Each structure stands twice: as C-alpha cells, then as structure tokens.
Visitor: 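I have a structure I would like to understand better, so I am pasting it below and will then ask my questions one at a time.
Note that this is a predicted model, so its numbers are computed, not measured.
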Amino acid sequence: DLKDKLTYSITLSRHLRLCKGENGGAIKILMDARKDITSTESYRQLMEEMLVIYESLEGTQHLIEDIKNTLYKQFPPATSK
C-alpha cells in the first residue's frame with residue numbers, strides 16, 4: 001500500500017545518502033515518491049527527510065528556508081495554554 005511505498009522510498013533514499021554518498025539519487029527517490037503521497041502526514045515525513053538531505057549540502061539555504069516555511073504553514077506549532 002501507499003504507506004509501505006513511502007517507507008521503502010525513505011529507506012532507499014537514506015541508503016543512497018548514507019552508504020553510497022549519492023545525495024542526488026536520494027533526492028530523486030523522494031521527489032518521485034512525492035507523486036504518490038495522499039496523506040498530509042506522509043507529506044510531512046517526506047519533506048522532513050528532504051530537509052535532512054538539503055541541510056547536509058552547501059548552497060541550499062534557499063531550499064531549506066522554503067521547506068521550513070511550507071512545513072510551518074501546513075503544520076503550525078501547537079500553542080500551549
């Protein structure tokens with residue numbers, strides 16, 4: 001099902017990034033997986049994983065800020081009362 005596909009994509013992406021040092025391949029896997037996302041929680045997981053990759057690269061500050069802004073808008077922090 002879709003949750004298993006997401007888990008597989010994230011696992012494969014991590015393998016490419018951590019074991020083979022292929023950040024580009026890891027990003028491609030996640031971008032392809034984004035097409036199949038249906039739930040907001042799956043989207044959040046995927047974007048957080050992409051954020052980890054982008055933070056490890058130089059010159060990607062604009063992408064990092066964009067993803068953080070998108071996540072903040074879609075998933076605002078819970079306010080404590």
Visitor: For residues 22-38, dump all side-chain donor-acceptor pairs below 3.5 Å to protein atoms at least two apart in sequence or in another chain.
Guide:
{"unit_1": "K28", "atom_1": "NZ", "unit_2": "D32", "atom_2": "OD2", "d": "2.7"}
{"unit_1": "D36", "atom_1": "OD2", "unit_2": "K5", "atom_2": "NZ", "d": "3.2"}

Visitor: Are L6 and I53 connected into the same hydrophobic cluster when the rule is that any two of I, L, V, M, F, W, Y join if their side-chain heavy atoms are below 4.5 Å apart?
Guide: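 Yes, it is one cluster - the side chains of I53 and L6 are joined through contacts under 4.5 Å.
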Visitor: Using side-chain hydrogen bond (donor to acceptor under 3.5 Å, both in side chains) as the criterion, list what pairs up with S39, not counting sequence neighbours.
Guide: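 S39 satisfies side-chain hydrogen bond (donor to acceptor under 3.5 Å, both in side chains) with S42 only.
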Visitor: Does the side chain of I10 reach to within under 4.5 Å of the side chain of T7, using non-hydrogen atoms?
Guide: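 Counting from C-beta outward, I10 and T7 never come under 4.5 Å.
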Visitor: Report the distance from atom CG of D4 to atom CG of D1, rounding to the nearest 0.5 Å.
Guide: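 That separation rounds to 4.5 Å.
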Visitor: Pair up each side-chain donor or acceptor in residues 65-73 with any protein partner under 3.5 Å, not counting sequence neighbours, and list the distances.
Guide:
{"unit_1": "E65", "atom_1": "OE2", "unit_2": "Q61", "atom_2": "NE2", "d": "3.0"}
{"unit_1": "N69", "atom_1": "ND2", "unit_2": "E65", "atom_2": "O", "d": "3.2"}
{"unit_1": "T70", "atom_1": "OG1", "unit_2": "D66", "atom_2": "O", "d": "2.9"}

Visitor: Of all residues at least two apart in sequence or in a different chain, which pass the salt bridge (Lys or Arg N to Asp or Glu O under 4.0 Å) check with K3?
Guide: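 Listed in chain order: nothing, the list is empty.
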Visitor: Mind listing the side-chain donor-acceptor pairs of residues 44-52 below 3.5 Å, one per line with the distance, residues two or more places apart or on another chain?
Guide:
{"unit_1": "R44", "atom_1": "NE", "unit_2": "E48", "atom_2": "OE2", "d": "3.3"}
{"unit_1": "E49", "atom_1": "OE1", "unit_2": "R14", "atom_2": "NE", "d": "3.1"}
{"unit_1": "E49", "atom_1": "OE1", "unit_2": "R14", "atom_2": "NH2", "d": "2.9"}
{"unit_1": "E49", "atom_1": "OE2", "unit_2": "R14", "atom_2": "NE", "d": "3.1"}

Visitor: Above 12 or not: heavy atoms from other molecules or residues under 6.0 Å from CZ of F75?
Guide: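 Yes.
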Visitor: How close do Y54 and L63 get, counting heavy atoms only, and between which atoms?
Guide: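 Where Y54 meets L63 most closely, the heavy atoms are CE2-CD1, 3.8 Å.
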Visitor: Over all heavy atoms of both residues, which pair between H62 and G59 is shortest? Give the atoms and the distance, please.
Guide: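 What the structure gives for the nearest pair is CE1-O, 3.5 Å.
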